Asks: 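One structure, as structure tokens, below. Some questions next.
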2 protein chains.
Amino acid sequence: MLYGITGGLLIVLMRLVEYKYLVIENSVAMYGGLVAALFTCLGIYFGLKLTRTKEVIVEVPVNSPGVPFKPDEKKKAELGITNREFEILEHMARGLSNREIANTIFVSENTVKTHTSKLFEKLNAKRRTQAVQNAKNMGLIP
Amino acid sequence: MLYGITGGLLIVLMRLVEYKYLVIENSVAMYGGLVAALFTCLGIYFGLKLTRTKEVIVEVPVNSPGVPFKPDEKKKAELGITNREFEILEHMARGLSNREIANTIFVSENTVKTHTSKLFEKLNAKRRTQAVQNAKNMGLIP
DNA sequence: CCGTATTTCATACTTTCGTATGAAGCGTTT
DNA sequence: AAACGCTTCATACGAAAGTATGAAATACGG
């Protein structure tokens with residue numbers, strides 16, 4: 001109904017304009033453009049009005065999976081843990097041996113040992129298991 | 001751009017139709033209607049595309065606080081882990097050395113070693129760090 | 001360009017861990 | 001009682017882990 005009325009009004013308007021103010025050369029194009037613009041707006045309006053999806057807030061109780069986990073960078077910097085050291089910490093937490101870590105990141109086993117030793121100092125640990133546990137408690141690793 | 005092209009095509013089409021098939025009485029109305037319908041669709045499309053609200057999912061991290069954690073007794077029985085072994089596993093996960101565990105539960109270090117060895121078999125681990133990690137993944141320890 | 005931090009690696013040594021094997025004491029179950 | 005499982009412990013050896021020290025290359029900021 002609204003559509004019909006709008007259309008009718010438009011036509012009337014166009015007729016009036018056409019007769020009153022003379023016919024411009026590309027009047028069809030101009031009128032077409034006007035109509036197009038107007039109905040585009042109408043389309044947008046109705047499109048939104050009719051199908052607007054409500055904002056749905058779903059609270060999902062998640063423990064770890066889902067939340068990607070973000071290492072505590074503050075703590076990391078606070079303890080002066082370098083990137084390389086942190087990398088090794090992660091592998092350590094996964095249960096890898098020094099040799100396996102060395103092979104994984106392509107350095108010598110001795111290098112891994114130096115890193116781990118420094119990590120133990122910074123994490124205040126005496127053993128790798130303790131280092132992992134402490135790192136976990138500090139929010140450095142999941 | 002898309003708009004311009006569409007408009008141009010429409011005009012050309014209308015011209016062709018107009019000259020070829022004669023002029024109907026209310027041609028302006030008809031063409032207008034066509035244009036209106038077409039651009040209404042366009043409007044709906046863009047309206048939806050540009051402003052559709054997404055479903056918002058809020059993930060509420062509920063980890064340990066609230067849930068005291070209950071070790072998976074099924075898994076424990078399934079793997080044939082005895083109480084004593086599990087006790088040692090817990091201490092191991094806390095980062096204690098064999099000697100410390102021995103002193104804690106008042107047994108010899110050798111005893112702890114036998115327990116740990118059996119644990120490694122049952123948990124399919126080669127190292128204590130790996131054992132802890134696997135136990136964690138299986139839900140045996142937090 | 002110099003100093004500092006990071007990363008790499010080595011050598012040597014100590015400590016801890018992990019495995020293998022055997023054995024003894026103790027409850028339960030059969 | 002015999003068998004079985006759990007716990008305890010020992011000895012001995014090999015394999016990792018961890019410590020100490022020194023050194024060199026790279027990167028980065030002043």
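Just so it is clear, the model here is predicted, and its values are computed rather than measured.
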Asks: Within this structure, what is the NZ-to-P distance between Lys122(A) and dA5(C), rounded to whole angstrom?
Replies: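 About 11 Å, once rounded to whole Å.
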
Asks: So if I take every side-chain heavy atom of Arg127(A) and compare against dG18(D), dC9(C), dT11(C), which nucleotide ends up nearest?
Replies: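 Selected nucleotide: dG18(D).
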
Asks: Rounded off to whole Å, could you give me the NZ-to-C1' distance for the Lys118(A) and dT21(D) pair?
Replies: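 Value for this atom pair: 12 Å.
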
Asks: Indicate, with a heavy-atom threshold strictly under 4.0 Å, whether Ser108(B) touches base, sugar-phosphate, or nothing.
Replies: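 Here Ser108(B) touches the backbone only, sparing every base.
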
Asks: Check the distance between dC9(C)'s P and Ile101(A)'s CD1 and give it to me in whole angstrom.
Replies: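 Spelled out: CD1 on Ile101(A) to P on dC9(C) is 14 Å.
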
Asks: Using a heavy-atom cut-off of 4.0 Å across all strands, would you classify Thr114(A) as base, sugar-phosphate, or nothing?
Replies: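 Base, at least one base atom sits under 4.0 Å.
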
Asks: Round to the nearest Å and state the distance from His115(A) atom NE2 to dG18(D) atom C1'.
Replies: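 To the nearest whole Å, that distance equals 15 Å.
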
Asks: From CD1 of Ile81(B) over to C1' of dC6(D), roughly how many Å is that when rounded to an integer?
Replies: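 So the CD1-C1' distance, Ile81(B) to dC6(D), works out to 15 Å.
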
Asks: Picking from Leu89(A), Thr82(A), Asn83(A), what satisfies side-chain contact (heavy atoms from CB on, under 4.5 Å) with Lys76(A)?
Replies: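 Among Leu89(A), Thr82(A), Asn83(A), the one that satisfies the side-chain contact (heavy atoms from CB on, under 4.5 Å) with Lys76(A) is Asn83(A).
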
Asks: Starting the side chain at C-beta, find the nucleotide from dG18(D), dG18(C), dT11(C) nearest to Ser117(A).
Replies: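 The closest nucleotide is dG18(D).
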
Asks: Closest-nucleotide mapping onto DNA chain D: is Leu96(A) or Ile105(B) further toward the 5' terminus? I mean the 5' end.
Replies: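 Closer to the 5' end of DNA chain D: Ile105(B).
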
Asks: Of the nucleotides dA17(D), dT7(C), dT8(D), which one has an atom closest to the side chain of Arg128(A)?
Replies: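 Selected nucleotide (nearest to the side chain): dA17(D).
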
Asks: Let me confirm one number: the CG-CG distance from Asn103(A) to Asn98(A), rounded to the nearest 0.5 Å.
Replies: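 Here the interatomic distance stands at 11.0 Å.
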
Asks: For Asn83(A) and dA27(D), what is the distance between atoms CG and P respectively, to the nearest whole Å?
Replies: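 These atoms are roughly 15 Å apart.
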
Asks: Output the distance between atom NZ (Lys113(A)) and atom NZ (Lys118(A)), rounded to the nearest 0.5 Å.
Replies: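 Interatomic distance, Lys113(A) NZ to Lys118(A) NZ, rounded to 0.5 Å: 16.0 Å.
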
Asks: Does Ser97(B) reach a base, just sugar-phosphate, or nothing at all? Heavy atoms under 4.0 Å.
Replies: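 It contacts sugar-phosphate atoms only.
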
Asks: Assuming nearest nucleotide by heavy-atom distance, tell me which of Glu109(A) and Thr116(B) is located more 5' along DNA chain C.
Replies: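 Counting from the 5' end, the first nearest nucleotide belongs to Glu109(A).
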
Asks: What's the closest nucleotide to the side chain of Phe120(A) if the choices are dT19(D), dT8(C), dT11(C)?
Replies: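 Among the listed nucleotides, the one closest to the side chain of Phe120(A) is dT19(D).
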
Asks: Nearest 0.5 Å, please: how far is CG in Asn134(B) from NZ in Lys126(B)?
Replies: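 The distance works out to 9.5 Å.
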
Asks: If each of Thr82(B) and Asn98(A) is mapped to the nucleotide of DNA chain D with the nearest heavy atom, which maps nearer the 5' terminus, i.e. the 5' end?
Replies: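 Its nucleotide being nearer the 5' end, the pick is Thr82(B).
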
Asks: Does any N or O in the side chain of Lys122(A) come within less than 3.5 Å of the main-chain N or O of Gly80(A), such that one atom is a donor and the other an acceptor?
Replies: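 Yes.
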
Asks: State which of dT11(C), dT16(C), dT19(D) makes the closest approach to the side chain of Arg99(B).
Replies: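 Selected nucleotide: dT16(C).
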
Asks: Over how many whole Å does the gap from Lys126(A) atom NZ to dT14(C) atom C1' extend?
Replies: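 In whole Å, dT14(C) C1' lies 17 Å from Lys126(A) NZ.
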
Asks: If I take atom CD in residue Glu121(B) and atom P in nucleotide dT21(C), what distance separates them, rounded to the nearest angstrom?
Replies: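 One finds 12 Å between P of dT21(C) and CD of Glu121(B), rounded.
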
